[in-house]
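Remarks on the structure that follows.
Letters A, B, ... mirror the listed sequences (proteins, then strands); counts begin at 1.
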Amino acid sequence: MNLSQTILGVKFKNPTVLASGIWGITASSWRRVARSGAGAVTTKSLWLKEHKGHPNPVIISTEHWTLNAVGVPDAGIEKAREEIGDYMKDHPVPLIANVIADTVSNFAKTAAEIARLKPDFLEVNISCPNVEDEFGKPFACDASSAADVTKAVKAVSGKTPVFIKLSPNVDNIGMIADFCASAGADGFTVINTVGPGMAIDLRSRMPILSNKVGGLSGPAIKPLAVKCISDVYRATEGKFPIIGTGGVLTGEDALEMMMAGASLIGIGTGIAYRGGEVFRLVTEEMEDWCEKEGVKKIEELVGSTHKKLRIDN
Amino acid sequence: MRIDNYLLLILSSQIPIQNRLPKTYPISKVKQETEMVKTITFDVSFGARPGQFVMLWVPGVDEVPMSVALDDGKKLQVTFFAVGDTTRKLAEFKKGDLVGIRGPFGTFYEWSAGDRLALVAGGYGAAPMYFVAKEAVKDGCALDVFVGARSKKHLLYLNEFGKLQKTKVHVSTDDGSAGLKGFNVTLLQQFLAEVSTPRLRTGSTADAVDRVFACGPERMLLAVSELSHYRKIPAQLSLERYMKCGFGLCGNCAVDPLGIRICTDGPVVKNDLLRKITEFGKYHRDSMGQKQKT
């Protein structure tokens, strides 16, 4: 069973994608993840200038969930040039460059610099819940602000397709996606982490994360992610590719997201549960299921739940 | 292993069972080892093996990776050098103060029963090496331990090593205040020349060293790596990198050019693999992923 797809002119050998913020700080790491079977890799969020993260603890986890407030550390544009430049020399699988900024104009500046490095897609992180103390509510929590960032990035991104990474922490993700689509977005990454949440140590009575709160990920958030993907797919009439992300551990999780409307599947926290081999394992599990169920082309699954609902109604 | 059931996945996971959520425990004992080095004990076991590390959380300050100095199934000990903000704060802690612990993380030293081992310990690398020694002696191993430090007053665990059976301790100090004036790797070099070279000539391997283990500053590790490779002796070395999560998510400890994460594929790395890490001995990355010269 061949799981390859071509999306916005970019060929993916399978739908699994290393999600942003996980393992992806260096070209060596992107290559390592590519070798372990990922269909594409996403960089950790890239800033124009260096940005310090939060002190430890920044990532804590149980069998059900993971909380993180790493605080989006990055060494700035020079390092991005070095690492992306290095990776693009052999470019084993498509590279999605994730960019972040504090203002609309800085989003444009960062995106312009990164677009020059010719990544396959740009992913715009307007939805990180861990830097609210520093920058206030994420742009993704307001439809107009999200559209403003989209428009500014699109003005400088040239031919590189722009994916907007949306927040689940809103009551109108569909409308926000629709606003971004009108502003020129080429696709969406759904979802960023949930919450934020908090965990308290009993004896010390202290919040464990130094930032006190952190974005929730891991298996617990998958149903939320599926719902958000479904909302975005419906609101944008299935016309925009979606990278579905949130709690995917198995091939069945990935297939469920595809049925909700995702074309590609981001895996991040899943690495903590199944190791670096999670990309190969999820791909094999998807292949097995598709073969058993007589699926001919993986594309036919994308948004198939919506088609089913329309037929039944 | 293919899986379609989450519960089954967790139950049959290949990922080692780790406590990834810190929980605080009261310090049960504080021992001043040297001027700047302390050992703290907790009355709890994490099932750690020699070479593994735990993340120690000082609430309100930071959380740092620390090699386990002992885990005997009842208590956990960590030996640390008060050098950074976190460890300086930790050095002020007394019996009863709370410290968060999660882990154990990473790989550990591996040997076979009856092996002859050469252990190379630089500075506070002596602590995890003592844990190795204590366990290896139980497996009938014969040990030569090469302990090095800046000066006599900085030497760690000498008494403890001295009490172990089938263990010979070799000492060096930078200033010559105890043992050889110079590096412990020089002692190792002389030792390996004595035990391996004549036997290569005679064909006997009766006293040959089976494995070299090392923990200490990266310059020392580099020398041990070269020497072990030259002598064709399998070596396992403990590499230190900036860590955040400890279980393979954040990627901060990934090394060039392999992209492997030292928190999961290390900290104890076999020399064959270590020699493929080209940044080894040259640079490491800070908390923002920026290269810093080693």
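The CD atom of B:Glu63 sits 9.5 Å away from atom CG of A:Leu209, with the distance rounded to the nearest 0.5 Å. Atom CG of B:Leu249 is separated from atom CD1 of A:Ile60 by 12.5 Å, given to the nearest 0.5 angstrom. Taking CD1 of A:Ile59 as the reference point, atom CG of B:Asn252 lies at 9.5 Å (rounded to 0.5 Å).
Between the side chain of A:Trp30 and the main chain of B:Gly259, no donor-acceptor pair closer than 3.5 Å is present.
Neither the backbone nor the side chain of A:Glu277 comes within contact range of chain B; no heavy atom of the residue lies under 4.5 Å from a heavy atom of that chain. Heavy atoms of A:Arg203 lying under 4.5 Å from chain B belong to its backbone as well as its side chain. The parts of A:Ile22 that come within reach of chain B are both its backbone and its side chain, each placing non-hydrogen atoms under 4.5 angstrom from that chain. The contact between B:Met55 and chain A is made entirely by side chain atoms (from C-beta outward), counting heavy-atom distances below 4.5 Å. Only the side chain of A:Glu83 comes within contact range of chain B, judged by heavy atoms closer than 4.5 Å. Neither the backbone nor the side chain of B:Asp286 comes within less than 4.5 Å of any heavy atom of chain A. If you measure heavy-atom distances from A:Ser61 to chain B, the contacts under 4.5 Å come from both the backbone and the side chain. Using a 4.5 Å cut-off between heavy atoms, B:Val58 makes no contact with chain A at all. The contact between B:Leu98 and chain A is made entirely by side chain atoms (from C-beta outward), counting heavy-atom distances below 4.5 Å. A:His54 does not touch chain B: none of its heavy atoms, backbone or side chain, sits under 4.5 Å away.
Annotation for B:Phe53: atom CZ counts as buried by contact number, over 12 foreign heavy atoms lying within 6.0 Å. No more than 12 heavy atoms of other residues, nucleotides or ligands sit less than 6.0 Å from atom NE2 of B:His229. Remark: B:Lys38 NZ is packed, more than 12 non-hydrogen atoms of other residues, nucleotides or ligands lying under 6.0 Å away. With a 6.0 Å radius and a threshold of 12 heavy atoms from other residues, nucleotides or ligands, A:Glu113 has its CD atom above the threshold. Within a 6.0 Å radius of CZ in B:Arg275, other residues, nucleotides and ligands contribute more than 12 heavy atoms.
Residues B:Trp57 and A:Pro207 come closest through the heavy atom pair CZ2-O, 3.6 Å. Between A:Ala75 and B:Gln290, the shortest heavy-atom distance links the atoms CB-NE2, 3.5 Å. Considering every non-hydrogen atom in both A:Ser28 and B:Val255, the closest pair reads CB-O, 4.1 Å.
For chain A, the option among B:Gly60, B:Gly251, B:Gly100, B:Cys245 with the highest count of heavy-atom pairs below 4.5 Å is B:Gly251. Options A:Lys79, A:Glu78, A:Lys52 differ in how many heavy-atom pairs under 4.5 Å they form with chain B, and the most are formed by A:Lys79. When each of B:Pro26, B:Pro59, B:Gly248 is checked for heavy-atom pairs under 4.5 Å with chain A, B:Pro59 comes out on top. Contact count versus chain A (heavy atoms, under 4.5 Å) is highest, among B:Arg102, B:Lys23, B:Lys291, B:Arg285, for B:Arg285.
The side-chain heavy atoms of A:Pro73 and B:Lys244, taken from C-beta on, include a pair separated by under 4.5 Å. Between B:Arg261 and A:Ile271, some side-chain heavy-atom pair lies under the 4.5 Å cut-off. No side-chain heavy atom of A:Ser210 sits less than 4.5 Å from a side-chain heavy atom of B:Asp62. In this structure the side chain of A:Asn56 never reaches within 4.5 angstrom of the side chain of B:Val64, judged on heavy atoms. Proximity of A:Trp47 to B:Met288: side-chain heavy atoms (C-beta onward) are nowhere separated by under 4.5 Å. The shortest distance between side-chain heavy atoms of A:Arg32 and B:Ile260 falls below 4.5 Å.
For the side-chain contact (heavy atoms from CB on, under 4.5 Å) criterion with B:Thr24, the lone passing option out of A:Leu202, A:Asp201, A:Ile208 is A:Asp201.
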